[in-house]
Amino acid sequence: MRYTEYLLPTLKETPSDAEVVSHQLMLRAGMIRKLAAGIYNYLPLGLRSIRKVEKIIREEMDRAGAIELLMPMVVPAELWEESGRWDHYGKELLRFSDRKDSPFCLGPTHEEVITDLVRNTVRSYRQLPLNLYQIQGKFRDEIRPRFGLMRGREFIMKDAYSFDLDEAGADVAYEKMYQAYRRIFERCGLKFRAVEADTGNIGGSSSHEFMVLAASGEDAIVSCGQCEYAANIEKAEVALAENRTPEPAADMVKVSTPGCKSINDVSSFLDISPECVVKTLIVQTDAGETLAVLLQGSHELNDIKLCRFLGCNEVTLATDEVVSKVAGVLPGYVGPVGLPLRIIADHAVRGMSDFAVGANESDMHCVGVNLGRDFDVECFADLRSAEAGDICPRCGGVLEIWRGIEVGHVFKLGTKYSSALKATVLDDNGQDRVLFMGCYGIGVGRTVAAAIEQNHDENGIIFPLPIAPFHVLVTVVNPREEEVLAAAEKIYTELQDLGVEVLLDDRDERPGSKFKDADLIGIPLRLTVGARGLKENAVELQERAAGDRRMIPLAEVSALVRDMVVTACGF
RNA sequence: CGGGGCGUAGCGCAGUCUGGUAGCGCACCUGUCUUGGGCACAGGGGGUCGGAGGUUCGAAUCCUCUCGCCCCGACCA
């Protein structure tokens, strides 16, 4: 492709409404343009990158035995009513009526449609297992679209749905998808982790998220330095410590702690470590219960674990007013001794003795407090979030914390949709059997955005070769010099004949502008053809990632570049 | 949906408080010049100041309503 015949509108300045780097760079590199909140045009350069990801996905899905189809984006309401989600999905589901006033929605996900298709077309267990996928535009009327392609309202998604006769079959399908996903993100050239995830409200028993590691990621994940264990922080288990309760050595004493409302205040005022303080959090559930949760001072409450433990949907920290009413004191001085509430505690508290707690009196704490002697708790549970340095719950190694961007998610759905929509087949005994399903999603645009989030510098994007819009950029230093232009065009043609995707910057611009644009759009390999090098019969090769430059003889350059491309993405 | 902020040329912004001929940088067009890290000079085009109503001799500026967009929270690929 010749730059002068292409549409590649780069921006020198950063548009003010773009907050995160990937969004800024995609705008500046001329990959996307916004049409409305959360809705984007994919410009030629951006589309090329997206198509690369799609191609890798297709190849790996096909390899794993999945079959591509395409479902409509517009879905009749009756299917959603049948699954019960028409009433439960909320405003994210964009609803509208056709000219006959029949209700429809734009599909934000396609469990209903695929299940309907399968129940109408698959009759026998002999047609199973089946895994159907599509790559399609989705629409979710997000409350708050943001960060460009990272969280748009309209977005491109690969969604796959597996159908099996029984749970064991579904497990096999799940494992195949898990492995396919690993290959997909490896082939994209991304650093990622597959983590155990909370199943959220889609339901189902087991689930993994695929997280592209990036400092700006919205999710925190933990992974073990020694073994394969990795999990979303929402779900990461905390290994049980030895938990022998040391014998109390001190008497409980009330001490004055004026103005000490936080754990840090208390521990530094009393000159003890935060690990010797127990914090008492008053929480309220959506079921209307108010209770106290005890944690070691330095630990963080994990409200998802707490919800799961309590069997409720939501917990919130009680307001100052509520705390005053139930504990008789403002937050900061609440403690378990004499507290007239249900009290549960994190496992770590079980191993503590002679600790400090709030005294349920303003500006007062108690020290030398001990479980069992001074107060009791109803039970112990895993209620805190894992931290860097914690012991791995699987192998005893040390846990690390990373930040990640969720680009893929695999779920075991069980029979939730198949039973709601009565998707059954006959088994070998002629009996109706409800299908076991799995669903598997990848955000295609988000994967490109995450790749940029993970791979950029102050000058622009640094594309991993397998998903770069072009493999190589050939910069013509001065296209007005005939020998220079001719040499560049020769390389351009040679490379194309070798199957290399090349962008020829033949613009009559100053070299500086072209180099700046080259850095911005992040094509991994760059050849600079100028009079200076041609005198030596050579061109300069620069890798965007490493930045170092070397001169390559004209006669060798095309083959060398082809080899580099083949090595990186094996086309 | 709750809280905060912004709409002035394609992009980035000033001007708004204190009403008085709509500006700057970049980009764009023409010409000359220049060509290994966003040249230089000269000339030029481009705006119903988000929209509607109001106050006023006069509104980008003050008032009312409205639309759009961004940021912080709960949701998700």
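Naming convention: chains lettered A, B, ... in sequence-line order (proteins, then strands); numbering from 1 in each chain.
- Here ring-ring contact (aromatic ring centres under 6.0 Å, His included) pairs that include residues 512-535 of chain A, with residues two or more places apart or in two chains, number zero.
- If you take CG of A/Asp219 and P of B/A74, they are 11 Å apart, rounded to a whole angstrom.
- Remark: P of B/A9 and CD of A/Glu13 are 14 Å apart, rounded to the nearest angstrom.
- The salt bridge (Lys or Arg N to Asp or Glu O under 4.0 Å) search around A/Asp171 returns A/Lys412, not counting sequence neighbours.
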Pairwise N/O distances under 3.5 Å, protein to nucleotides 1-8 of chain B:
none

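- Nucleotides B/A22 and B/G47 have their P atoms positioned 13 Å apart, rounded to a whole Å.
- Rounded to an integer number of Å, the gap from A/Met73 CE to B/A77 C1' is 14 Å.
- Look at the P atom in both B/G31 and B/C13: the space between them is 33 Å, to the nearest Å.
- Of the residues in residues 14-27 of chain A, those with a non-hydrogen atom less than 4.0 angstrom from any atom of RNA chain B are A/Thr14, A/Pro15, A/Ser16, A/Asp17, A/Glu19.
- For residues 15-43 of chain A, the set of pairs meeting the salt bridge (Lys or Arg N to Asp or Glu O under 4.0 Å) definition, not counting sequence neighbours, comprises A/Asp17-A/Lys34.
- Taking the C1' atoms as reference points, B/A9 lies 10 Å from B/C49, given to the whole Å.
- Rounded to the nearest Å, the gap between the C1' atom of B/G50 and that of B/G68 is 7 Å.
- Rounded to whole Å, the separation between the C1' atoms of B/A27 and B/G12 comes to 11 Å.
- The ring-ring contact (aromatic ring centres under 6.0 Å, His included) search around A/Tyr174 returns A/His208, not counting sequence neighbours.
- If you take CE of A/Met211 and P of B/A77, they are 10 Å apart, rounded to a whole angstrom.
- As rounded to whole Å, 15 Å separates atom P of B/G10 from atom NZ of A/Lys34.
- The same atom, P, is picked in B/G37 and in B/U21; the two are 46 Å apart, to the nearest Å.
- Separation of the C1' atoms belonging to B/A14 and B/C6 is 15 Å when rounded to the nearest angstrom.
- Using modelled atom types and a 3.5 Å distance limit, the side chains of A/Gln134 and A/Asp159 yield a donor-acceptor pair.
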Expected string for nucleotides 30-40 of chain B under the B/S/- scheme (protein heavy atoms, under 4.0 Å, primed atoms plus P, OP1, OP2 as sugar-phosphate) is ----BBBBBB-
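- Remark: P of B/G68 and CG of A/Leu35 are 14 Å apart, rounded to the nearest angstrom.
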Side-chain atoms of residues 436-443 of chain A: list all donor-acceptor pairs with protein atoms under 3.5 Å, sequence neighbours left out, distances to 0.1 Å.
from, atom 1, to, atom 2, distance (Å)
A/Tyr440, OH, A/Ser162, OG, 2.7

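- When each of A/Ile452, A/Thr14, A/Ile521 is checked for a side-chain contact (heavy atoms from CB on, under 4.5 Å) with A/Leu25, only A/Ile452 meets the rule.
- For A/Phe192 and A/Tyr181, the ring centers are positioned 6.0 Å apart or more.
- Every pair passing ring-ring contact (aromatic ring centres under 6.0 Å, His included) that includes a residue from residues 24-51 of chain A is listed here, sequence neighbours excluded: A/His23-A/Tyr40.
- Remark: A/Ala77 pairs with A/Glu81, A/Trp86, A/Pro103 by the side chain to side chain contact (heavy atoms under 4.5 Å, CB included) rule, at least two apart or across chains.
- Atom P of B/C33 sits at a distance of 22 Å from the matching atom of B/C26, rounded to the whole Å.
- Remark: A/Arg146 is in phosphate contact with B/G73, judged by side-chain N or O atoms under 4.0 Å from OP1 or OP2.
- Within the nucleic acid shown, A/Glu142 comes within 4.0 Å of at least one base atom, counting heavy atoms only.
- When the salt bridge (Lys or Arg N to Asp or Glu O under 4.0 Å) test is applied to A/Glu237, the partners found at least two apart in sequence or on another chain are A/Arg394.
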What donor-acceptor contacts under 3.5 angstrom involve side-chain atoms of residues 145-155 of chain A, with partners at least two apart or in another chain?
from, atom 1, to, atom 2, distance (Å)
A/Arg151, NH2, A/Glu218, OE1, 2.9
A/Arg151, NH2, A/Glu218, OE2, 3.3
A/Arg153, NE, A/Ala37, O, 2.8
A/Arg153, NH1, A/Asp141, OD1, 3.0
A/Arg153, NH2, A/Ala37, O, 3.1

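- Atom CD of A/Glu406 is separated from atom P of B/C76 by 9 Å (rounded to the nearest Å).
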